[in-house]
Amino acid sequence: MDIIGGPASQLLAGRVSKALESNLLVSEFKKFPDGELYTRILDDFAGDNVTIIQSTVTDSDFIALLQLIDACGEASRINVVIPYMGYARQDKQFKKGEPISARVMARAIKADYVFTVNIHTESILDYFDAKAVNLDATPVIGKYIKNMEFKDPLIVAPDDGAIALARNAAKDLGIDYDYLEKTRLSGESVTIQPKNINVNGRDVIIIDDIISTGGTIAETISLLRMQGAHEVFAACVHPVLSNNAILKLFKAGVKGIIATDTIDKGVGVVSVAPVIASAIGNV
Ligand code: R5P
């Protein structure tokens with residue numbers, strides 16, 4: 001199998017090709033003076049089974065992915081791995097007149113197989129023409145957490161939408177997990193606290209699929225610290241970390257950030273390469 005790394009996923013593509021001992025193709029990506037993207041696969045490829053790995057963090061990343069798919073047009077099978085799929089949060093029409101952006105993106109991707117990693121909502125997979133499979137990075141995050149030194153650790157989801165992430169990360173590790181629940185006390189006041197477990201004196205690892213602006217996690221860190229948590233860590237699959245997100249997390253008192261390499265950022269301490277390698281090695 002030939003592996004093609006897109007511009008946003010060079011490190012991950014390298015790691016996947018190492019894990020599978022497969023051929024890694026070098027491509028070039030540059031911009032024309034008017035800003036249009038030029039993409040070219042430089043290495044020869046056999047033209048049979050190719051896997052393109054490219055996160056679509058920016059619009060330009062998405063264009064690069066489409067160009068790479070087109071450049072592989074003669075391959076007998078094209079697998080596309082989108083470790084982080086941008087626009088997935090617009091998975092429905094929230095207001096009249098809006099597009100379903102996740103559907104727009106999915107429909108444009110023509111391949112035999114598509115793999116995503118902890119996509120924001122699994123229902124997006126139905127929008128791909130190809131057979132689409134969503135991979136789960138939370139067990140590798142859990143293993144990483146297991147090997148760190150913590151005081152009585154507890155994994156916490158910032159809301160009920162992230163419970164499955166917390167449960168899967170904690171699974172088989174003997175680590176407790178919980179989620180934050182908002183309870184309305186009156187018209188003006190609400191309490192937000194872990195549903196079942198007292199955090200007092202414990203190290204807490206907050207886990208979410210995406211940290212984007214950092215707002216959700218920064219607020220959660222402040223709440224947990226007010227409730228007596230010892231150290232608070234932030235974990236996520238996709239470190240979008242737009243703008244000043246990292247500063248916000250540290251300002252809120254985060255002890256450390258644990259993220260995967262679906263987006264190539266300095267906080268990516270856990271690799272999803274084994275998860276992707278095992279999935280594409282089996283199709
Ligand atoms: C929302 O549905 C996601 O699961 C994350 O909670 C959200 O994307 C985090 O965004 P931010 O870091 O901007 O608060």
Side-chain angles (χ1 to χ4, degrees), residues 8 55-59 61-62 82-95 98-103 105-106 116-125 127 134-139 141-142 154-170 177-182 190 192-195 204-226 232-270 272:
S55 284
T56 54
V57 187
T58 64
D59 295 354
D61 292 336
F62 188 73
I82 314 171
Y84 169 73
M85 181 174 161
Y87 290 98
R89 282 175 286 177
Q90 181 79 26
D91 58 339
K92 52 171 96 78
Q93 198 180 45
F94 296 97
K95 290 184 193 150
E98 287 178 352
I100 299 176
S101 303
R103 183 175 63 189
M105 301 299 137
T116 57
V117 180
N118 293 95
I119 193 164
H120 187 62
T121 318
E122 291 227 352
S123 59
I124 296 167
L125 301 180
Y127 294 136
N134 187 40
L135 308 174
D136 185 12
T138 51
I141 296 177
L154 170 68
I155 297 179
V156 165
D159 51 45
D160 55 0
I163 296 175
L165 295 178
R167 184 175 46 238
N168 292 346
Y177 72 91
D178 202 352
Y179 71 97
L180 290 189
E181 189 182 54
K182 194 184 275 187
V190 290
I192 301 175
Q193 58 187 30
K195 168 100 174 120
V204 180
I205 305 107
I206 309 163
I207 189 162
D208 207 348
D209 58 344
I210 300 167
I211 304 179
S212 181
T213 64
T216 307
I217 299 281
E219 196 188 329
T220 309
I221 293 168
S222 309
L223 278 166
L224 292 171
R225 288 181 64 83
M226 277 187 311
V232 183
F233 294 76
C236 69
V237 179
H238 307 297
V240 174
L241 299 173
S242 42
N243 226 318
N244 55 358
I246 294 182
L247 293 175
K248 278 194 215 160
L249 298 184
F250 278 91
K251 178 85 178 169
V254 78
K255 176 76 176 169
I257 304 171
I258 301 160
T260 80
D261 54 359
T262 60
I263 300 175
D264 197 358
K265 292 272 166 89
V267 292
V269 292
V270 182
V272 295

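Quick caveat: nothing in here was measured; it's all calculated off a predicted structure. Whatever order the structure lists ligands and atoms in, that order sets their numbers, starting from 1. Side chains included, hydrogens not; waters and symmetry mates left out as well; all remaining heavy atoms used.
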Any side-chain to backbone donor/acceptor pair from Asp160 onto Ile163? Under 3.5 Å, distance only. no
How long is the straight-line distance from NE2 of His238 back to CG of Asn118, given to the nearest 0.5 Å? 5.5 Å
Atom indices of ligand 1 within 4.0 angstrom of His120 heavy atoms, with elements: 1 (C), 2 (O), 3 (C), 4 (O)
State, without any angle test, whether Thr116 and Asn134 hold a side-chain donor-acceptor pair at a distance under 3.5 Å. yes
Which option wins on minimum heavy-atom distance to atom 7 (C) of ligand 1: Thr220, Ile217, Ile210? Ile210
Can you list the atoms of ligand 1 that are under 4.0 Å from a heavy atom of Asp209? 3 (C), 4 (O), 5 (C)
Atoms of ligand 1 under 4.0 Å from any heavy atom of Gly214, numbered from 1 in the order shown, are 11 (P), 12 (O), 13 (O)
Just how far is it from atom CD1 of Ile210 to atom CG of Leu241, taken to the nearest 0.5 Å? 11.0 Å
Would Gly161 count as a contact residue for ligand 1, given that I'm defining contact as a non-hydrogen atom of the residue lying under 4.0 Å from a ligand atom? no
Sole candidate of Asn168, Val237, Val272 that passes side chain to side chain contact (heavy atoms under 4.5 Å, CB included) when paired with Asp136: Asn168
Specify side chain, backbone, both or neither for Thr213, according to which of its non-hydrogen atoms lie closer than 4.0 Å to ligand 1. both
Report the part of Asp208 in contact with ligand 1, treating N, CA, C, O as backbone and CB onward as side chain, heavy atoms under 4.0 Å; options are side chain, backbone, both, neither. side chain
Just which atoms of ligand 1 are under 4.0 Å from any heavy atom in Ile211? 12 (O)
